[in-house]
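The structure appears right after this line, and notes come after that.
No hydrogens, no waters, no symmetry mates; every other heavy atom, side chains included, goes into these values.
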Amino acid sequence: MLKWPDAFKWLGATFLALMLSGCGYNTLQATDEDISATWAEVLNQYQRRADLVPNLVNVVKGYAAHEREVLTRVTEARARVGAIQATPELVNDEAAFQRFVAAQGELTGAISRLLLVAENYPQLKADGAFRDLQAQLEGTENRIAVARNRYIAAVKTYNVTVRSFPSNLTAMLFGFETKPTFTVENERAIAAPPTVDFGTSAPGAAPERLPPAPPAPASGPANEGAAAGSDAAGH
């Protein structure tokens with residue numbers, strides 16, 4: 001049988017648990033964990049894309065080494081992405097989050113330009129390694145989009161809880177704050193390929209391979225007669 005002090009402690013703990021549950025504490029914990037999981041998937045897919053870039057650059061360089069500016073931009077954009085420490089804590093720092101998003105947007109644009117340049121090189125487009133990398137990039141971009149959408153949904157649920165009454169009181173009491181998310185401007189910068197005008201063809205673009213010229217006709221009386229007739233017609 002419980003003594004009165006113990007009974008009061010048990011009742012107090014039960015009351016506190018019920019109060020926290022009713023004030024959104026459990027929801028805040030669950031949605032915060034959901035954000036961590038979805039953000040980890042976003043980082044995973046972005047890292048997958050970054051890992052494909054060096055191979056893509058090397059393949060393109062084999063056919064279009066003179067496209068130095070485009071190749072350099074991709075390499076530098078990837079380096080800037082790698083310089084940002086992509087940790088779960090990014091979702092708690094608005095400024096760091098925006099720097100990360102901006103760097104990813106820059107890399108997206110650089111990759112798009114590189115793929116557009118490849119359109120001027122038929123032999124490159126026919127290369128099996130290039131086609132495989134292009135397919136992997138397309139698949140990765142799709143997975144990035146899905147991961148971003150899941151993160152956006154998780155943050156929306158969490159932020160609504162943080163801002164709504166009475167769970168906002170619980171959030172203030174335990175230090176839960178709103179999380180940054182991808183904005184419409186972020187999505188445009190990351191997802192939309194840039195408009196690039198290379199004119200009729202890129203400078204120094206590799207020409208298409210033409211079929212071999214037909215062999216010259218063999219010399220003989222018939223040909224000599226044809227040549228003579230041609231000369232006569234010319235006169």
When rounded to the nearest 0.5 angstrom, what is the spacing between CG in Asn149 and CD1 in Ile144? 12.0 Å
On a heavy-atom basis, the closest approach of Gln98 and Thr181 is NE2-O, 4.3 Å
Could you check whether Tyr63 and Phe130 have their ring centres less than 6.0 Å apart? no
Note: Gln45 and Ala147 closest approach over all heavy atoms is CG-CB, 4.4 Å
Rounded distance [0.5 Å steps], CD in Glu76 versus OG1 in Thr72: 6.0 Å
Let me confirm one number: the NZ-CG distance from Lys61 to Leu56, rounded to the nearest 0.5 Å. 11.5 Å
Can you confirm whether Leu133 sits close enough to Leu52 that some side-chain heavy atom of one is under 4.5 Å from a side-chain heavy atom of the other? yes
What's the shortest heavy-atom distance between Arg150 and Thr38, and which atoms? O-CG2, 3.9 Å
side-chain hydrogen bond (donor to acceptor under 3.5 Å, both in side chains) partner of Lys179, the single match among Asn159, Thr31, Asn92: Asn92
Glu33 and Gln29: side-chain donor and acceptor closer than 3.5 Å? no
If hydrophobic clusters are built by linking Ile, Leu, Val, Met, Phe, Trp and Tyr wherever their side-chain heavy atoms come under 4.5 Å apart, do Val162 and Leu173 end up in the same one? yes
Would you say the side chain of Leu28 lies within less than 4.5 Å of the side chain of Tyr158, judging by non-hydrogen atoms? yes
To the nearest 0.5 Å, tell me how far Ile111 CD1 sits from Gln134 CD. 11.5 Å
Here the pair of heavy atoms bringing Pro122 nearest to Asn120 is CD-O, 3.5 Å
Does the side chain of Arg49 reach to within under 4.5 Å of the side chain of Leu107, using non-hydrogen atoms? yes
Stepwise side-chain contact (heavy atoms from CB on, under 4.5 Å) check, Arg78 with Asp51: CA-CA 9 Å; Arg78 183 188 182 276; Asp51 291 342; 4.0 Å; yes
Is it true that Gln85 and Thr87 share a donor-acceptor pair across their side chains at a distance under 3.5 Å? no
Please work out which of the three classes, parallel, tilted or perpendicular, describes the rings of Phe97 and Trp39, given edges at 30° and 60°. tilted
Decide side-chain contact (heavy atoms from CB on, under 4.5 Å) for Phe100 and Val91; before the verdict, give the C-alpha distance in whole Å, the side-chain angles of both, and the deciding distance to 0.1 Å. CA-CA 10 Å; Phe100 174 84; Val91 298; over 6 Å; no
Smallest separation among heavy atoms of Pro88 and Leu43, with atom names: N-CD1, 4.5 Å
All heavy atoms of Gly24 vs all of Ser167, minimum pair found to be CA-CB, 4.0 Å
Is any side-chain heavy atom of Phe176 closer than 4.5 Å to a side-chain heavy atom of Tyr25? yes
Just by distance, with hydrogens left out, do Glu67 and Tyr121 show a side-chain donor and acceptor under 3.5 Å apart? yes
Give me each pair satisfying salt bridge (Lys or Arg N to Asp or Glu O under 4.0 Å) with a member in residues 116-137, each pair once, sequence neighbours excluded. Glu119-Lys125
Side chains of Thr140 and Arg48 only: does a donor on one sit below 3.5 Å from an acceptor on the other? yes
Value for CZ (Arg113) from CD (Glu69), rounded to nearest 0.5 Å, stands at 9.0 Å
Sidechain-backbone polar pair: Arg80 side chain, Ala103 backbone, donor-acceptor under 3.5 Å: no
Distance col, row Arg143:CZ vs Gln136:CD, nearest 0.5 angstrom, shows 8.5 Å
Passes side-chain contact (heavy atoms from CB on, under 4.5 Å), Val60 versus Leu124? Steps please. CA-CA 7 Å; Val60 174; Leu124 170 59; 4.1 Å; yes
Report yes or no: does Asn58 contribute a side-chain atom to a donor-acceptor pair with the main-chain N or O of Pro54 at less than 3.5 Å? yes
Would you say that Met172 contacts Leu169 through its side chain, given a criterion of any heavy-atom pair below 4.5 Å between the two side chains? yes
